[in-house]
Amino acid sequence: MPFMYLDSRIIFHENVTPIRNGLDYNKETVMKRQIVVLLGCLAMASCARYVPDPYADIPSARNVVLNSLFSDNMVLQHGKPIPVWGTADPGGKVVIVAGDEKVQSRVQEDGTWKAVLKPRPPGGPVTISVSGETTTILNDVLIGDVWVCSGQSNMEWPVGRVNDAEAEIAGAGFQRIRLFTVEQTPSEIPLADVPTTGWQICSPQTVADFSAVGYFFGRDIVLHHEIPIGLINTSWGGTPAEAWTSTGALKLHPDFQPTILKLEESLNKPQDERRPLTLAEWTAHVDGLDRGRSRWMRPGLDESDWQPITVPGLWESGPIGPYDGVVWFRKTVELPESWKGQDLALHLGPIDDLDSTYVNGVLIGSTAVYDAPRNYTVPSVLTGESPLQLTVRVMDWIGGGGFWGRTGSMVLKTAAGDSLPLAGEWVYKPGVPAKEVPVRADQNSPAALYNGMIHPLLSFPIRGAIWYQGESNAGQAYQYRTLFPLMITDWRNGWKQGDFPFYFVQLANYMEIRDLPGESDWAELREAQLLTQSLLPNTGMACIIDIGEADDIHPRNKQDVGKRLARIARHNVYGEDIPFSGPIFRRMEKEEGRIRLYFDHADGGLSAAGGGELRGFAVSGPDYRFVWADAWIEGGTVVVASPEIEDPVAVRYGWADNPVCNLINGAGLPASPFRTDDRRGVTQR
């Protein structure tokens with residue numbers, strides 16, 4: 001049978017002599033050449049299969065330590081490359097094995113190493129080994145979605161202190177939810193690692209001290225979806241947004257640039273000169289600089305150069321304006337004759353942040369918690385004469401400052417229950433501004449919590465973030481319009497994952513219910529949050545204007561907060577076709593003697609919660625004197641009018657610290673407070 005030989009580009013039939021380039025080839029010559037070619041091809045194939053191990057000659061690393069984010073029971077973000085990193089002695093190699101995947105890394109001269117596993121689909125559990133001279137095994141690792149839970153005390157608030165806490169804890173057995181808490185760590189410089197106890201499986205034994213909002217958010221997702229959920233709680237009560245923002249971002253904001261430049265100047269000093277001050281050293285500096293420290297608490301002081309101020313109220317909303325530092329307050333109280341010589345109870349309400357309170361020049365108490373009511377005893381030895389001289393030294397270094405409770409919380413009482421009101425006119429004088437005080441990073445310092453509690457997380461892939469904060473920035477609500485979007489953008493730049501989902505909670509209703517429409521810094525902060533939602537892509541806001549508590553800045557109903565945040569994620573991230581927002585004001589139309597309001601997210605129709613009349617609407621004429629208005633629903637819109645206003649030009653809804661308002665949509669979600677005017681607010685300077 002005829003056969004064919006192949007030599008490069010030579011093909012011929014038996015008994016046929018081919019000619020190539022004018023040369024004759026016979027069969028024997030071609031066969032020899034074919035053998036050579038075949039052997040060459042086999043050699044090349046063998047070489048192709050052999051890939052030298054670039055780590056073969058590198059010894060196993062010594063003293064391998066994983067970053068604290070990695071532990072048993074963790075959740076790794078699905079669908080993204082998975083970095084694994086840590087420290088070791090320089091020069092050695094670290095080997096990571098996850099299932100059938102193996103990656104290696106050489107330890108750098110600075111003692112750091114990082115290896116990257118391929119993206120994985122949701123599921124697990126997976127076992128991961130990390131080896132140098134010794135091996136660490138990470139067991140029960142799940143692949144799912146990781147959510148960062150951050151903010152101040154209402155995010156920090158634990159499951160063990162919510163409504164029906166015992167039942168909630170008992171029912172918290174969720175193998176697919178894993179919990180991770182970052183220890184509270186302020187820092188002047190960005191940190192690479194965080195102190196923590198590691199990842200824990202969500203159970204009745206582990207959930208009580210975890211963020212309630214974070215847990216209820218994660219629980220609602222796993223009840224509707226099979227995906228594992230990892231929750232990273234990095235929060236700290238009483239902290240402002242600027243503490244959670246990097247120095248690089250804050251330098252772009254004119255209000256914070258001087259502080260950041262001062263911080264950088266201190267960090268540029270030689271190492272032995274920039275040792276962080278201890279609290280005692282720093283306090284001594286403040287006392288030495290405070291112009292009133294040794295004498296402004298004395299009775300009989302000349303107050304002719306002191307200025308009047310009405311309390312309670314954060315000083316940013318009053319005559320002091322935007323100021324951080326020490327401020328002294330004084331008030332003279334005439335005692336009834338029958339009160340003299342008695343022990344008296346002094347109640348001042350909460351003070352932001354730290355107070356030292358004196359009566360007739362004698363220190364009777366001091367508190368360093370911004371939201372704790374100040375309740376002190378005035379001993380009888382100080383009440384034998386009248387009048388009493390009350391002096392309160394207030395230290396506040398960031399955010400709102402001063403007395404911020406209710407009017408009725410400021411009283412002087414006898415044991416029999418008789419009382420004298422203390423709210424109203426006091427006098428004040430600044431002691432030392434923050435700009436004159438040495439920089440010391442605490443939890444309220446700009447960038448301090450970003451450095452210590454966000455920066456260490458930036459290499460860890462996440463699905464998104466939820467945020468509950470704003471109370472500490474209410475005194476600078478207008479500033480929050482730019483600060484909050486800056487912070488969100490800063491986080492997104494740091495994580496390098498694009499515009500990842502960022503969902504936040506609008507401030508709840510809180511403090512006294514006012515009889516008449518008026519101004520409110522809390523309303524302005526809610527407005528700043530609402531504006532942020534419209535300004536930045538892939539953000540969402542959960543309105544909770546219906547579940548706050550007048551007497552408590554920490555509403556115990558954290559279940560609905562978590563559920564409302566989860567509804568946003570379930571719609572935007574997990575693809576459910578559900579309403580996820582309450583009504584949001586879109587536009588207004590003036591009509592004869594009334595104003596018609598149009599809303600987005602009126603899913604299922606507008607109504608008044610619980611039935612009855614709509615409440616919470618105020619209207620004004622051209623003079624912007626607002627009065628309560630009648631409001632009713634017409635064809636998917638709300639119509640607002642008042643017999644007192646002939647030519648209405650503006651409407652406000654829920655515009656108060658603690659508004660009584662009840663507009664909802666068909667899903668029962670409350671409408672966000674809003675205003676149609678853009679008049680200068682109490683926090684706009």
| said: Can a side-chain donor-acceptor contact be found between D355 and Y376 if the only test is distance below 3.5 angstrom? | reply: yes
| task | Verify whether one side chain among H554 and N154 offers a donor that lies under 3.5 Å from an acceptor in the other. | result | no
| Side chain proximity check, I568 to Y503, heavy atoms < 4.5 angstrom | yes
| request: Ignoring hydrogens and angles, state whether a donor on the side chain of N557 or E549 is under 3.5 Å from an acceptor on the partner side chain. | output: no
| query | Can you list the residues that meet the ring-ring contact (aromatic ring centres under 6.0 Å, His included) rule with H455, with sequence neighbours excluded? | reply | none
| message | Distance alone, cut at 3.5 Å: any donor-acceptor contact between the side chains of Q506 and S672? | response | yes
| field | Mutual orientation of the aromatic rings belonging to F585 and F674 [parallel < 30°, tilted 30-60°, perpendicular > 60°] | value | parallel
| query | For R675, which residues count as a side chain to side chain contact (heavy atoms under 4.5 Å, CB included) partner, sequence neighbours excluded? | reply | R481, E527, R652, W655, D677, R679
| said: Under a 3.5 Å distance rule, please check whether W495 uses its side chain to pair with a backbone N or O of L457 as donor and acceptor. | reply: yes
| query | Taking the inter-plane angle between the rings of W491 and W467 on a 0 to 90° scale, is it parallel (under 30°), tilted (30 to 60°) or perpendicular (over 60°)? | reply | perpendicular
| task | Could you tell me whether a side-chain N or O of R291 sits under 3.5 Å from a main-chain N or O of G431, the two making a donor and an acceptor? | result | yes
| Any residue meeting side chain to side chain contact (heavy atoms under 4.5 Å, CB included) with R295, in chain and number order, not counting sequence neighbours | R298
| Knowing that exactly one of L363, T367, V394, V392 qualifies, which makes a side chain to side chain contact (heavy atoms under 4.5 Å, CB included) with S356? | L363
| field | Derivation of the salt bridge (Lys or Arg N to Asp or Glu O under 4.0 Å) call for D546 and R564 | value | CA-CA 12 Å; D546 56 332; R564 291 178 189 179; 2.9 Å; yes
| request: Identify, with sequence neighbours excluded, every residue that meets salt bridge (Lys or Arg N to Asp or Glu O under 4.0 Å) alongside R556. | output: D552
| task | Give every residue pair that meets the side chain to side chain donor-acceptor pair (under 3.5 Å) criterion with at least one member in residues 244-257, sequence neighbours excluded. | result | T239-W244, S246-D490, K251-E264, H253-T482, D255-Q479
| query | What pairs with W306 under ring-ring contact (aromatic ring centres under 6.0 Å, His included), at least two apart in sequence or on another chain? | reply | W296
| said: If the condition is ring-ring contact (aromatic ring centres under 6.0 Å, His included), which residues does Y358 pass it with, not counting sequence neighbours? | reply: none
| Side chain to side chain, I364 and V378, heavy atoms closer than 4.5 Å | yes
| query | By side chain to side chain donor-acceptor pair (under 3.5 Å), which residues pair with S187, not counting sequence neighbours? | reply | none
| With D623, which residues qualify under salt bridge (Lys or Arg N to Asp or Glu O under 4.0 Å), at least two apart? | R625
| query | With a 3.5 Å cut-off and no angle check, do the side chains of Q476 and E316 form a donor-acceptor pair? | reply | yes
| query | Hey, what's the ring geometry for F329 with W315, parallel, tilted or perpendicular (30° and 60° as the breaks)? | reply | parallel
| side chain to side chain donor-acceptor pair (under 3.5 Å) evaluation trace for Q152 with S472 | CA-CA 8 Å; Q152 60 180 106; S472 290; 3.1 Å; yes
| request: Verify, without hydrogens or angle tests, whether K331 (side chain) and E425 (backbone) share a donor-acceptor contact under 3.5 angstrom. | output: yes
| task | May I ask you to check whether E524 and Q684 show a side-chain donor-acceptor distance below 3.5 Å? | result | no
| query | Taking only residues two or more places apart in sequence or in another chain, which ones pass salt bridge (Lys or Arg N to Asp or Glu O under 4.0 Å) with R161? | reply | none
| Is E512 paired with R514 through a side-chain N to carboxylate O contact shorter than 4.0 Å? | yes
| Got a sec, which residues hit ring-ring contact (aromatic ring centres under 6.0 Å, His included) with F504, two or more places apart in sequence or on another chain? | F484
| said: Going by salt bridge (Lys or Arg N to Asp or Glu O under 4.0 Å), name the pairs with one or both residues in residues 389-404, residues two or more places apart or in two chains. | reply: D287-R393, D290-R393
| Y468 and S150: side chain donor to acceptor below 3.5 Å | no
